[in-house]
Amino acid sequence: MYRLGVLISGRGSNFHSILENIKKGFVQNARIVVVLSNKEDAGGLKIAKDNDIDAFFIDPKGLKRDEYDKLLIDKLKEYEVDFVILAGFMRILSTGFIETFKNRILNIHPALLPSFKGLHAQRQALEAGVKFAGASVHFVTDELDSGPIIVQSVVPVLSDDTEDSLSERILKTEHKIYPLAVKLLTEDKIKIKNNRIVIKADEIDDNFYIINPVCDKKE
Ligand code: GRF
């Protein structure tokens with residue numbers, strides 16, 4: 001059983017979706033042992049408390065990035081976390097943090113990476129006039145939104161879309177692919193080879209191919 005630490009800054013709907021998928025048995029090999037937030041009023045903290053998961057607001061005020069990240073590292077180590085799940089965590093992590101959990105940090109970004117990195121990805125997609133948008137779950141490396149991609153979802157961009165309507169369409173798929181990525185990771189089905197993810201998909205059901213139609217059936 002792998003132990004997950006989840007980092008949030010806001011409403012925590014991705015955290016919630018992972019939690020629900022653990023509860024209903026879609027993700028079987030993991031449990032969320034701690035939730036950390038850099039925002040005191042993050043909605044996700046309440047979700048954690050309602051579900052009896054230890055959750056902490058860690059105040060960044062007055063701290064340098066390294067000092068703050070050391071507090072995060074200490075807490076995650078105290079809870080013996082195997083994987084760190086970034087779920088709307090709105091801070092850049094230090095090299096020290098990323099090295100401490102090398103290849104063990106996941107993030108979700110609301111764009112088809114490598115397009116539209118950084119903030120307001122959905123707005124960037126609308127401004128670029130692309131016809132398809134989506135979300136990406138990826139490993140976190142030192143470079144922003146750039147690590148190996150594990151799973152992506154694709155949605156159409158409609159001509160009357162606003163930033164809100166597009167974000168909502170993408171978010172629905174985020175709630176599917178993040179639990180899927182966590183499932184694959186914690187069933188040891190993911191390998192990183194030359195910066196690309198190879199997925200052992202022998203036991204994955206049909207839903208997987210709808211989300212991720214091109215994958216490696218055998219290694
Ligand atoms: C999501 O859109 C995610 O892709 C981005 O931040 C948002 C977090 O939403 N990184 P929530 O807090 O999980 O509801």
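Start at 1 and go down the list; that is how both ligands and their atoms are numbered. Note that this is a predicted model, so its numbers are computed, not measured. The analysis underlying the following values was restricted to heavy atoms, covering all of them including side chains, and did not include hydrogens, waters or symmetry mates.
Among the atoms of Asn14, some N or O lies under 3.5 angstrom from an N or O of ligand 1. Residue-to-ligand polar distances keep Asn107 apart from ligand 1: every N/O pair is separated by 3.5 Å or more.
Atom 8 (C) of ligand 1 has as its closest protein heavy atom Gly88 CA, 3.6 Å. Looking at atom 4 (O) of ligand 1, its nearest protein heavy atom turns out to be Glu174 OE1, 2.7 Å. The closest protein non-hydrogen atom to atom 9 (O) of ligand 1 is Arg11 NH2, 3.3 Å. Among protein heavy atoms, atom 10 (N) of ligand 1 sits closest to Ile108 O, 3.0 Å.
Between Gly12 and ligand 1 there is a heavy-atom distance shorter than 4.0 Å. Put simply, no part of Ile8 is less than 4.0 Å from ligand 1, judged by heavy atoms.
At a threshold of 4.5 Å between non-hydrogen side-chain atoms, the residues Val34 and Ile53 do not count as touching.
Figure legend: Arg31 and Tyr2 shown without cation-pi pairing, the cationic atom not lying both under 6.0 angstrom from the six-membered ring centre and within 45 degrees of its axis.
Remark: the Asn29 side chain and the Glu187 side chain contain no N/O donor-acceptor pair separated by less than 3.5 Å.
The side chain to side chain donor-acceptor pair (under 3.5 Å) test with Ser94 singles out one residue from Asp142, Thr100, Asp69, and that residue is Asp69. Of the listed residues (Ile150, Asn195, Ile105, Asn107), just one forms a side chain to side chain contact (heavy atoms under 4.5 Å, CB included) with Phe139, and that residue is Ile150.
In plain terms, the two heavy atoms of Ser136 and Leu113 that are nearest each other are OG-N, 3.1 Å.
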